[in-house]
Structures are given as C-alpha cells and as structure tokens.
Amino acid sequence: MAEVSRDEYMAVAASREIRDSDTAFIGTGLPMVAAYLAKATHAPRVNLVFESGIIDPRPVDLATGVGDYRLAHGSTKIAGTFYALSLLQQGKVDIGFLGTAEIDAYGNLNSTVIGPYHRPKVRLPGSGGANDIASMAKRFVVIARLDRKRFVEKVQYLTTPGFLTGPGAREAAGLPGAGPVRVISDRAILGFGPDSKRMRIERLYPGETLAAVQEHCAFPIEASPSLEAEPEPDAHLLRLLREVIDPKGVYVGRGER
Amino acid sequence: MAEVSRDEYMAVAASREIRDSDTAFIGTGLPMVAAYLAKATHAPRVNLVFESGIIDPRPVDLATGVGDYRLAHGSTKIAGTFYALSLLQQGKVDIGFLGTAEIDAYGNLNSTVIGPYHRPKVRLPGSGGANDIASMAKRFVVIARLDRKRFVEKVQYLTTPGFLTGPGAREAAGLPGAGPVRVISDRAILGFGPDSKRMRIERLYPGETLAAVQEHCAFPIEASPSLEAEPEPDAHLLRLLREVIDPKGVYVGRGER
Amino acid sequence: MAATPSKLVSLVEAAQAVASGASLTAGGFAHSHQPLAFTRELIRQGRSRLTLMSVAECWVAEFLAAAGMLEKVYFSNFMFEGYGRCQRFSKAVEAGAVAVEDHSHFGMVSRLMAAGLGLPFMPMKAMAGTDILAISGFEPPDRKARRMQSPFGHEVVTAVSPLRPDVAVIHAARADRLGNVQLFGTTSVIEEQARAAGTVIVTVEEIVDTDIIRRQPEMTLLPALMVDMVVHLPYGAHPTGVYGYYDHDSAHLADYYAASRTEPDTAVWLDRWAHGLPDHFDYLDALGMTRLLQLRVDPALGYLREASHG
Amino acid sequence: MAATPSKLVSLVEAAQAVASGASLTAGGFAHSHQPLAFTRELIRQGRSRLTLMSVAECWVAEFLAAAGMLEKVYFSNFMFEGYGRCQRFSKAVEAGAVAVEDHSHFGMVSRLMAAGLGLPFMPMKAMAGTDILAISGFEPPDRKARRMQSPFGHEVVTAVSPLRPDVAVIHAARADRLGNVQLFGTTSVIEEQARAAGTVIVTVEEIVDTDIIRRQPEMTLLPALMVDMVVHLPYGAHPTGVYGYYDHDSAHLADYYAASRTEPDTAVWLDRWAHGLPDHFDYLDALGMTRLLQLRVDPALGYLREASHG
C-alpha cells in the first residue's frame with residue numbers, strides 16, 4: 001500500500017471527530033470525505049446537513065459542491081437554505097467543519113479579507129455559512145494546513161468566532177455553540193486548553209516534531225500535557241478512502257510525503 | 001324565480017366587496033360562497049387563501065371546511081398555516097371575511113367568551129385566524145345577522161380589532177391593516193364613518209326600514225348621508241348561487257322571507 | 001452503509017412518553033390528520049393534568065377534555081367545522097375545570113416557532129390592542145407577550161415568548177423506520193410543533209423503506225433528526241381523515257357530537273370507543289371494514305365526491 | 001371560470017424592470033439555477049450603479065462585476081466551488097470599485113426574511129462578536145444589526161434589519177402564465193428573496209398549463225400572488241444547471257474562469273457571449289445543440305454520472 005499522505009491523515013482524523021448519531025453540517029472537500037468515511041465506519045447514523053438545504057444525501061458519488069445534484073438526488077429531505085441554517089440555531093447540529101485563510105490562537109477564523117476591509121489586498125469569499133456553524137453548532141472542527149501565514153497572532157478580519165478574546169467571551173457575545181474543539185492540520189492535530197482556550201498540540205503525525213509544528217505557526221503554541229503520536233491509519237480506512245470514497249483523489253491527495 | 005332570501009342578499013353583497021385581483025383570505029360558509037361567486041363573475045383573478053395553508057383552490061365542489069381535501073386537491077399551492085398567515089403580515093392579503101358572536105359600534109368582535117373570561121357563561125371557539133385577518137389584512141368585512149345580542153354597546157371580550165376605541169387607535173396599537181370596511185347583515189349593509197369610525201347604515205334591503213335596523217342593534221346607529229336601497233340581485237347571480245355554487249343550499253338558505 | 005436502528009415502537013410504548021402533568025401539542029387541522037388513535041390510547045392508559053399547546057387540534061382537545069385529563073390549554077381556536085362548538089371542552093372551561101390562555105392562530109404558531117428556531121421571542125403584528133393580550137388566562141400577561149419598539153426605529157411590534165411542549169404527537173401519511181416523515185396535503189403547524197417539542201412522536205398510515213422517502217425528498221415534512229418515535233397506525237387519524245388516504249368519517253363525528261351534548265352520553269361513547277377496545281386494531285375491527293373502505297378517497301380527486309356538510 | 005391575463009413577457013421587457021441604481025437579488029446556489037440568461041440581457045442592455053442583496057448567487061455577481069455594472073453588494077459568500085474566488089468581483093472590491101457589506105448566510109437570509117414577513121427586524125444568534133458586525137462596509141453599523149436583550153429575560157440576541165430589494169430575479173423549472181412557479185431540488189433562498197422584493201421576475205425552463213401546476217401543488221415554490229413577470233427561457237440558467245433538466249456546464253464555466261483572470265480576456269469573453277449575441281436563442285445557437293443535449297441529466301439519477309470537479 002502506498003505511503004499515507006498528509007491529506008489522508010487529515011481525512012481520517014476529521015472523520016474521527018464525528019460521533020455516531022451526530023447531525024453534522026458539511027461542506028465540500030475534505031469534510032465531505034471525512035463524513036462519508038465516518039458514515040461507512042464508526043458512525044453509520046450520522047445525519048449530514050448541507051447549507052444548500054439538502055438533508056441526509058445517499059452518499060453514492062462524491063459531490064462537486066454543497067448544491068450538487070448528486071447530493072439532492074436521493075436525499076431524505078430537500079428544503080432551502082433557511083431551513084438548513086435554522087437547524088443550527090435550533091441547536092440540532094452537533095458538529096460542523098470549517099476551512100480558513102487565517103486562524104489565531106483562540107480558533108478565530110478569517111475568510112473575508114487580507115488587508116484592510118475597504119481596500120483589501122485580497123478579497124476572499126466571505127463567511128457563507130461558516131460564521132453560522134461556528135456560532136451555533138454544538139462544536140466545530142477546523143481543517144487547515146499549517147503555515148505561518150495561516151496560523152497568525154491576530155486574524156486580519158474576524159469572520160468566524162472561535163473563543164474570540166478567550167475564556168467567557170463566547171458566552172458574553174450570546175453565542176450558543178461551545179466553540180472549536182479541534183484543528184486538524186497536515187502535521188499535527190491541535191486542540192484547545194480547557195481553561196485557557198488557547199490552541200495547543202495534541203497529536204503529532206509520524207515523523208513530525210513539536211519544533212516543526214511550532215515553526216509553522218506564527219503564534220506561540222505549546223504541547224498538551226497528554227501529547228500523543230497519531231498512529232498510521234489502518235488499512236481498512238485507507239482502502240475505503242482510496243477505492244470507494246475518493247477513488248480519483250479529487251479531495252484527498254495521494255503520497256505527497 | 002323564488003323570492004330572494006336574506007342569505008342570498010348577504011352572499012351577493014359580500015361577493016361585491018371582492019375586487020378583481022384581490023388576494024382574499026377566506027373561511028367556510030358564506031365567505032366561501034361569496035368568493036366563488038365573485039370569481040365566477042366580476043373578479044376572475046381573485047386569489048383565495050385559506051388558513052389551513054391552501055392557496056388558490058380550483059372551485060369545483062363547495063368545501064365543508066378550510067382544511068377540506070376538496071380545497072387542497074387542485075390548489076396551485078399547498079403549504080402550512082404559518083405560510084398562509086404570514087401572507088397577512090407581509091401585507092399580501094387585500095381582504096378578509098369574518099363572522100362574530102358580538103360586534104360593537106367600532107367593529108370590534110368577540111368570538112371568545114360570553115360572560116367572564118375565567119368562568120364564562122358560554123365558551124366560544126376563540127380567535128383562530130380572525131384576529132390575524134382583522135389586524136393585518138388591508139381591509140375586512142364582517143358578516144353577521146342583526147340582533148340586539150350580537151350588535152352590542154361593548155363586546156364582552158375583544159377578540160378581534162375593529163377600530164378599537166375609535167379614530168387613531170389601530171395606528172397606536174401598531175396594527176398594519178386599515179380595519180373593517182363593511183358589515184353585511186341580513187337586513188342592511190353597514191359601513192363606518194370615515195372620521196368617526198362608528199358603524200352606520202349604508203344600504204337597506206327591499207322591505208327594510210331604518211327603524212327596523214336600529215331596533216335590532218343595541219347601540220345607537222345612524223344612517224349614512226348617502227343611504228341607498230340595495231336592489232334585488234340580478235337573475236344571473238341568483239342562478240349561479242342556486243344552481244352552480246351552492247345547489248343544495250348548504251350555506252345559503254332559500255326563501256326565508 | 002451500515003444498518004441504523006429503528007425508531008419504530010408500539011402505540012402503548014409511545015403513549016407512555018406522555019406523563020401526567022406533561023405539556024402536549026398535536027398535529028392536524030379541522031377534520032384532518034389529528035392523531036386520534038394516539039389520543040384514544042392516552043385515554044385508555046389514563047392521564048391527568050395535561051397541558052395542551054394547540055392551534056387547531058380541536059378533536060384531540062375535545063377528547064382529552066371529555067376524558068377529564070386536561071388542566072390547561074394554550075390555544076387559538078377549537079371549533080368543529082360543520083358541527084359547532086367543542087361541547088365537552090367548552091363545558092369544562094365554563095365549569096372552571098380547564099384553564100385557558102387565548103391567542104390568535106398566528107400568535108400560537110409564532111410562539112411555537114420561536115421555540116423551534118431557538119429564539120427567546122418572536123416579533124409579530126397581530127393581537128395588539130385586544131383582550132387576548134389584556135386579559136390573562138393562567139399565564140402572567142408579561143410572560144406571554146410584550147409590546148416592544150423595533151431597535152431600528154419607532155415601529156411597534158408584539159414580541160411573543162416561546163412555547164416548548166414536552167411532547168409533539170403528529171399523524172402523517174408515511175415514514176421510514178429512521179423517522180423520515182412525509183405528509184401530503186396541507187402541513188398545518190407540524191413543522192413548528194415538531195421543532196418546538198422536546199420529544200416528537202409520529203404515527204403514520206404506512207411504514208416505507210427509506211428508498212421510497214428518497215424518491216420524493218421534496219415531500220419530506222420531518223427529517224429523521226426531528227423525530228424520536230414512529231408508530232405504525234393505519235387509520236390512525238380516524239374519525240378525522242388523511243389526505244390521499246381517507247376522508248373524515250362524518251357519521252362517526254356526528255355520533256360523537258350528539259353524544260357530547262351530555263356528560264353521561266359522552267361517558268358511554270368513550271367507554272365504547274376508547275376504554276372498551278384494548279387496542280387500535282380492535283377499534284378498527286369495531287368500525288368494520290365496510291365503513292373504513294367507504295372512507296377511502298377517490299384516487300382521481302383525492303377526496304370523497306359526496307361531501308357531508310356536518 | 002373566466003380567463004385571467006398572462007404575466008408572460010419578453011426577456012427584453014423583463015430586464016427593463018431593473019433600472020440603473022436599482023437593488024437586485026437573484027436566485028440560485030453555487031452552480032445551480034442562477035438567472036444567467038437574464039443577467040446577460042442586463043449586460044446587453046447596459047446598467048450602472050446596481051446594488052446586489054445576495055446570499056449565494058456568485059455567478060450573477062461575477063458577471064455584473066465583470067461588466068462594471070455593480071456599485072454595492074450586501075452578501076454572505078461568493079465562491080466558485082471547484083474553481084476558486086470570483087475573480088472580477090474580487091478584483092473590483094480590491095480596487096475599491098465595488099463596496100461590500102459582509103454577512104453570514106443566516107444573517108443575509110434573516111434580513112430578507114424580515115422584509116418578507118413584514119417585520120422591522122428579525123432576531124438571530126449568529127454573527128455576534130465578530131468583525132461582520134464590528135466593521136462597517138457602506139451601511140452604518142447600527143442600521144445593519146443591533147445587539148438586544150430579549151423582552152422576556154436576559155438572553156441576548158442580534159436583531160438584523162430588513163433588506164428590501166427593488167427586484168428579485170429567479171430562475172425556476174416551470175411556471176404557468178399566471179405566475180405559479182415550481183422548482184425541483186433545493187429551493188435555496190428563493191422564498192425569502194421573492195417575498196422581500198418589490199417586483200418579482202421569474203424565468204423558467206418551461207411554461208405549463210395551470211392544470212399541470214394543480215397536479216402537484218406541494219411543489220409550488222411561489223404562488224402567482226408573489227410573481228409579477230414570467231419569462232420563458234429554456235436553458236436560462238446556463239452555464240449553471242437546473243435540477244431535473246441539465247447539469248452545470250463545467251467546460252463553459254472553466255473557460256470563463258480562465259478568461260476572468262485578466263480584464264482584457266474577460267472583455268473578450270463578454271463580447272462573445274453577451275454583447276455579441278442579440279438574444280438568448282442566439283446564445284443557445286452559439287453553444288450548439290450537441291453541447292446543450294450533453295448537459296441533460298440522466299433521468300434516473302437527476303444528474304450527470306460523470307462529475308467534473310472544477
């Protein structure tokens with residue numbers, strides 16, 4: 001079997017965040033792969049919700065986007081965007097997955113602008129459902145490659161709330177969700193200190209070191225007291241990923257390392 | 001042709017209140033007959049909405065209620081109760097029709113209790129959509145037989161707002177609709193003074209007198225300066241009522257007078 | 001993918017989810033899709049001090065009142081179209097045995113919707129200026145609704161507070177074992193009721209494979225994530241109807257309506273049609289196949305051609 | 001009953017309902033059911049200083065930005081899934097040529113919904129604590145959203161103000177001449193957009209008799225009372241798709257995406273596909289029947305079996 005790629009580590013780690021019977025708010029790309037993998041293994045009862053208004057699609061072909069007709073066809077309910085998003089506010093969504101252009105030590109995300117808001121250097125797509133998921137899902141997971149330009153001391157625009165300024169800040173803002181629980185990167189799995197709410201290193205992929213992770217992060221980041229090594233994914237999971245869920249490697253790159 | 005009944009006068013008068021292209025919020029009974037009559041004659045474009053969530057039914061058979069399957073079948077849209085009622089708040093409903101147990105000089109209605117609220121002499125069905133229609137439809141029409149127990153100085157419970165305490169009161173309460181425009185009774189058609197907002201007599205059915213109307217009304221009621229006589233409905237309308245719309249006389253009694 | 005466990009339970013088990021003292025909301029509108037087999041089972045099992053949070057489930061309210069199981073009712077309208085007032089319910093209110101809190105339909109739906117949307121209130125524009133807001137039933141007036149100014153100007157609206165029933169009981173056309181529920185015809189207030197409630201019980205005419213649901217996902221009213229229990233109860237809305245399946249049973253409704261004029265006649269009727277029949281299938285047997293088949297709708301029209309106007 | 005007049009108008013006439021300086025909202029989500037034939041007609045006719053009130057109609061925004069017709073945009077996300085950022089739109093924002101006001105999806109939908117429900121505000125729980133509320137685009141921050149306490153306790157919510165676009169343009173599957181509109185698949189934000197807007201224009205794949213609509217009233221998205229104009233435009237969402245009819249045209253989208261990297265290439269592209277073709281049927285002829293037929297979905301699956309991932 002080919003060497004395990006960083007994308008494959010990320011997909012497997014993301015999949016593990018989903019519990020059986022969770023209602024999961026899913027976007028395109030790695031989160032979709034992770035959700036399909038979870039549904040095929042430890043979480044057959046996971047209920048997938050897409051911001052386009054599609055509930056519980058039959059995972060036959062990997063979709064090109066959250067509004068893709070291969071998701072709509074054979075779903076158990078088709079509604080609209082308000083319906084899907086209002087499930088978040090109702091408290092029905094257990095977990096959501098988010099990507100980001102920037103993330104800070106409190107898990108706050110920027111997907112809006114690089115540079116000043118009114119004359120940005122780079123105008124990014126904007127929040128979409130990301131802010132809604134982060135504000136209202138019971139918990140959320142960030143998937144982001146480690147990079148000093150991405151893991152920054154201060155996001156240039158706070159699109160999506162992590163722990164905001166730290167302990168108690170989400171509660172003060174009236175955000176119903178508990179905030180980020182995990183940041184799945186291409187070198188390590190990161191979490192948040194239960195009291196400090198600051199990001200920390202929880203699991204290192206094989207061959208990675210604390211120093212390498214810290215070097216790719218522009219803010220100071222410590223290891224969790226319970227730091228562990230992430231084992232190589234088992235062959236069954238890899239086979240599912242490579243042969244069933246994303247056979248063309250559209251979202252999950254192969255053998256990059 | 002048989003003599004024209006009071007019910008037939010009421011159905012024809014109610015039908016006349018509907019303008020072509022109106023969106024009309026309709027209940028069972030005389031309002032349904034009036035709406036079907038309007039649609040068959042001067043208002044082919046009237047759009048009927050029912051509180052059960054049925055929009056624009058095909059008027060084939062007279063329904064037994066607003067949730068009747070003969071309304072649902074062949075409607076142009078089936079939704080739910082919130083959808084139908086929210087059209088009122090959106091300002092999309094031009095006219096509604098209401099019945100009542102009591103009505104006062106300002107067109108306020110009681111369909112809740114006779115006697116004290118907590119130990120009523122008679123518990124009536126309650127507002128239902130009546131308050132919503134009266135609060136938010138652009139205008140509304142009351143259909144009620146004249147009777148000193150029904151046309152009262154003060155309603156025992158104000159379920160449904162007419163002009164409340166008089167000029168300016170609806171506006172102060174924040175009610176978006178303009179209020180009642182007509183009260184169609186079995187002896188006369190009543191309206192409201194444009195300044196006083198008090199009920200007055202606008203049209204007398206053949207054989208009726210001001211004094212007879214006043215005698216059946218427990219509050220003082222004057223004639224409009226432009227008091228007219230209601231002519232007998234033309235034969236075409238009567239034929240439609242008797243042969244097409246309510247051939248069994250379920251809602252429109254025959255030859256009572 | 002892997003098998004998922006079923007939410008299918010027996011009627012007896014489902015009814016046990018409604019404890020004495022619980023608050024309940026029930027689906028249906030006028031003579032359509034009211035969960036009456038469930039209501040009869042509750043009556044058989046016996047409950048007390050129930051609270052209803054209702055819009056139009058008149059028959060549920062009437063039977064619970066007739067059985068003396070109701071304590072409080074938040075509602076907007078109970079009326080048997082074509083028959084008249086709900087007699088046992090009205091008498092119970094007149095006797096002071098049932099306390100009521102009146103609303104307009106939109107007021108009730110908005111309160112359920114506030115709960116379902118996870119909001120502490122819902123702004124709306126009806127009910128202002130009337131005794132619905134001025135006269136309190138059993139709820140302090142400032143807990144039910146408050147007049148408030150829009151934060152963006154001088155416009156005044158009525159804010160209503162959320163209502164969160166312990167249990168919602170819905171009767172629908174069909175569901176799969178996972179709890180994906182479809183209903184044809186008007187959906188009444190089911191969306192708002194199911195979302196507002198703590199536990200959602202759905203009784204259905206048919207249990208179908210999930211594949212059948214997936215063929216018409218646009219028709220799904222409640223996705224599985226909204227539903228806790230599913231009970232298979234053909235003719236479970238009788239004597240009310242289910243669109244596409246059967247029309248309401250006017251003769252049976254008329255019989256009840258006649259009986260409900262007096263307390264003793266009502267008791268006899270309840271003995272015969274609820275207490276006297278061990279379960280729903282005994283009830284159907286007692287009605288008889290001829291009668292049940294006669295109620296089946298004309299497949300072309302979706303209703304019985306000859307309407308009975310009360 | 002008597003005949004009722006038609007709302008059917010030509011594309012040219014419908015587009016004239018959008019004046020320079022008007023505010024516009026458009027249906028669609030990602031690569032699905034965006035009213036792009038209408039957008040091309042607007043580009044052909046030429047407009048300036050348009051305001052968009054948008055959730056996910058990325059292609060409409062991109063083409064209007066590419067044509068230099070946009071001034072302001074209230075929105076939540078523009079992203080070509082599988083391709084990347086909307087390049088002309090992003091460049092226009094970076095150049096200061098288009099002013100933006102950011103929201104979350106729920107924030108935008110809630111503002112449209114407030115307008116559609118006739119409310120002066122809508123309470124909601126997202127966006128709090130972020131720069132979406134802290135940093136103003138072109139709208140004064142306290143006109144967009146305000147933090148407020150529930151009238152029933154200490155819970156804090158965000159009240160957003162209504163957005164009322166002058167015109168909503170929707171592309172759907174089919175409509176009758178009266179304006180009853182049906183769409184299969186996800187309905188995106190169409191309900192909220194149509195209800196919020198002053199004028200509602202619907203372009204459709206097929207015009208059908210009202211009897212066809214009446215056979216599936218559960219599928220009606222917009223009843224006639226919500227719709228002002230209907231335009232018959234088969235393939236009117238191309239190069240995006242319409243569920244049940246055709247999939248999005250990945251090759252055409254990719255061509256545009258390549259062209260949109262530079263302003264001159266974009267101009268050439270717009271000349272060829274908008275300005276250069278007098279009307280929508282010339283556009284379809286230019287694409288060619290072979291291509292259009294290849295986009296037709298597998299009738300069993302409802303989509304093209306071979307997905308193109310960008």
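Per chain, numbering begins at 1; letters A, B, ... match sequence-line order.
When the ring-ring contact (aromatic ring centres under 6.0 Å, His included) test is applied to C:F138, the partners found at least two apart in sequence or on another chain are C:Y74. Considering only residues two or more places apart in sequence or on other chains, B:E171 meets the salt bridge (Lys or Arg N to Asp or Glu O under 4.0 Å) condition with none of them. Every residue two or more places apart in sequence or in another chain was checked for a salt bridge (Lys or Arg N to Asp or Glu O under 4.0 Å) with B:K92, and none qualifies.
The most heavy-atom pairs under 4.5 Å with chain B, out of C:G96, C:A56, C:A126, come from C:A126. When each of C:E191, C:R147, C:K91 is checked for heavy-atom pairs under 4.5 Å with chain B, C:R147 comes out on top. Top candidate by heavy-atom pairs under 4.5 Å with chain B, chosen from C:V156, C:T187, C:T186, C:V157, is C:T186. Contact tally against chain C (heavy-atom pairs below 4.5 Å) for B:G174, B:A72, B:P116, B:G115: the top residue is B:A72. Comparing B:A79, B:P161, B:A84 by how many heavy-atom pairs each has under 4.5 Å with chain C, the most go to B:A79. Contact tally against chain C (heavy-atom pairs below 4.5 Å) for B:L175, B:D132, B:L85, B:T165: the top residue is B:D132.
A donor-acceptor pair under 3.5 Å links the side-chain atoms of C:N77 to the main chain of B:G126, judged by distance alone. Distance alone, capped at 3.5 Å, places no donor-acceptor pair between the C:R85 side chain and the B:L124 backbone. Looking only at distances, a side-chain donor or acceptor of B:Q89 sits under 3.5 Å from a matching main-chain atom of C:K125. Judged by distance alone, the side chain of B:H118 and the main-chain N or O of C:G137 form a donor-acceptor pair under 3.5 Å. Side-chain N or O atoms of C:H103 include none that pairs as donor or acceptor with a backbone N or O of B:G128 at under 3.5 Å. Looking only at distances, a side-chain donor or acceptor of B:N131 sits under 3.5 Å from a matching main-chain atom of C:M127. No side-chain donor-acceptor contact under 3.5 Å links B:Y69 to the backbone of C:H248.
Of the atoms belonging to B:S135, it is side-chain heavy atoms, and not backbone ones, that fall under 4.5 Å from chain C.
The two residues B:K121 and C:E94 make their nearest non-hydrogen contact at O-CD, 3.5 Å.
Scanning residues 103-112 of chain B against chain C with a 4.5 Å non-hydrogen threshold yields B:T112, sorted by number.
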